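I have placed the structure first, in the form of structure tokens, so that the comments after it can refer back to it.
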Amino acid sequence: GLKARPELTREMKKRMPCTVLIAMTVTKLGRVVNPVVVRSDDPLFNDSALRAIRQWKFEAGKRRGKPDDFRVRQPITFK
């Protein structure tokens, strides 16, 4: 899919690598809704990870051959 790169500040670059695990719903159109941080190595990275993932596009999931909404977890690693 199309992946927007997270924004990095100079402070964040000093503190990498960092992984932020995000739980969200991917709609039947492949859009990200309600992303929340499940786990983070460093809270400084949370907002940037959430901003980036809201712009991602996913393949729509299918259930019994029909597009459907799915709950997914996606790690974003800053390195």
Side-chain angles (χ1 to χ4, degrees):
L2 207 61
K3 309 270 189 268
R5 309 246 344 127
E7 297 155 40
L8 294 173
T9 62
R10 194 175 306 141
E11 184 59 28
M12 289 163 79
K13 286 179 181 155
K14 280 190 242 163
R15 290 158 76 164
M16 294 192 300
C18 171
T19 298
V20 179
L21 180 64
I22 295 176
M24 63 201 159
T25 298
V26 174
T27 69
K28 44 177 132 336
L29 300 173
R31 296 232 169 79
V32 172
V33 289
N34 303 326
V36 290
V37 173
V38 179
R39 199 177 61 239
S40 178
D41 295 339
D42 186 338
L44 179 68
F45 292 81
N46 293 4
D47 282 347
S48 182
L50 287 169
R51 261 200 310 279
I53 204 127
R54 280 192 189 99
Q55 299 169 53
W56 288 19
K57 286 275 183 292
F58 287 84
E59 276 296 300
K62 289 199 164 119
R63 213 183 299 269
R64 295 192 199 89
K66 291 194 172 69
D68 204 352
D69 295 358
F70 275 87
R71 290 292 295 160
V72 267
R73 286 177 167 215
Q74 172 73 46
I76 295 185
T77 301
F78 297 81
K79 55 183 186 244

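Numbers here simply count residues along the sequence, with the first being 1. Please read all numbers here as calculations on a predicted model, not as lab measurements.
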Point-to-point distance, once rounded to the nearest 0.5 Å, from CG of Leu8 to NZ of Lys14
13.5 Å
Would you list the atom pairs, donor with acceptor, under 3.5 Å between side chains in residues 15-28 and any protein atom, with sequence neighbours excluded?
{"residue": "Arg15", "atom": "NE", "partner": "Asp42", "partner atom": "OD2", "Å": "2.9"}
{"residue": "Arg15", "atom": "NH1", "partner": "Glu11", "partner atom": "OE2", "Å": "3.3"}
{"residue": "Arg15", "atom": "NH2", "partner": "Asp42", "partner atom": "OD1", "Å": "3.1"}
{"residue": "Arg15", "atom": "NH2", "partner": "Asp42", "partner atom": "OD2", "Å": "3.2"}
{"residue": "Thr19", "atom": "OG1", "partner": "Thr77", "partner atom": "OG1", "Å": "3.0"}
{"residue": "Thr25", "atom": "OG1", "partner": "Arg71", "partner atom": "NH1", "Å": "2.9"}
{"residue": "Thr27", "atom": "OG1", "partner": "Leu29", "partner atom": "N", "Å": "3.2"}
{"residue": "Thr27", "atom": "OG1", "partner": "Arg31", "partner atom": "N", "Å": "3.2"}

Using links of under 4.5 Å between side-chain heavy atoms of ILVMFWY residues, direct or through other members, which residues join Val36 in one cluster?
none
For Asp69, what residues pass the salt bridge (Lys or Arg N to Asp or Glu O under 4.0 Å) criterion, not counting sequence neighbours?
none
Going hydrophobic residue to hydrophobic residue with side-chain gaps under 4.5 angstrom, can you get from Val32 over to Val38?
no
Going hydrophobic residue to hydrophobic residue with side-chain gaps under 4.5 angstrom, can you get from Phe58 over to Val33?
no
Does CZ in Arg39 sit with more than 12 non-hydrogen atoms of other residues, nucleotides or ligands closer than 6.0 Å?
no
If you look only at pairs with a residue in [range], which of them pass as a ring pair (Phe, Tyr, Trp, His ring centres under 6.0 Å), with sequence neighbours excluded?
| range | result |
| --- | --- |
| residues 13-40 | none |
| residues 7-37 | none |
| residues 31-54 | Phe45-Phe78 |

Given the options Ile53, Ile76, Asn46, Asp47, Val37 meets side-chain contact (heavy atoms from CB on, under 4.5 Å) only with Asn46
Scanning both residues in full, the closest heavy-atom pair of Gly30 with Ala60 reads N-CB, 4.2 Å
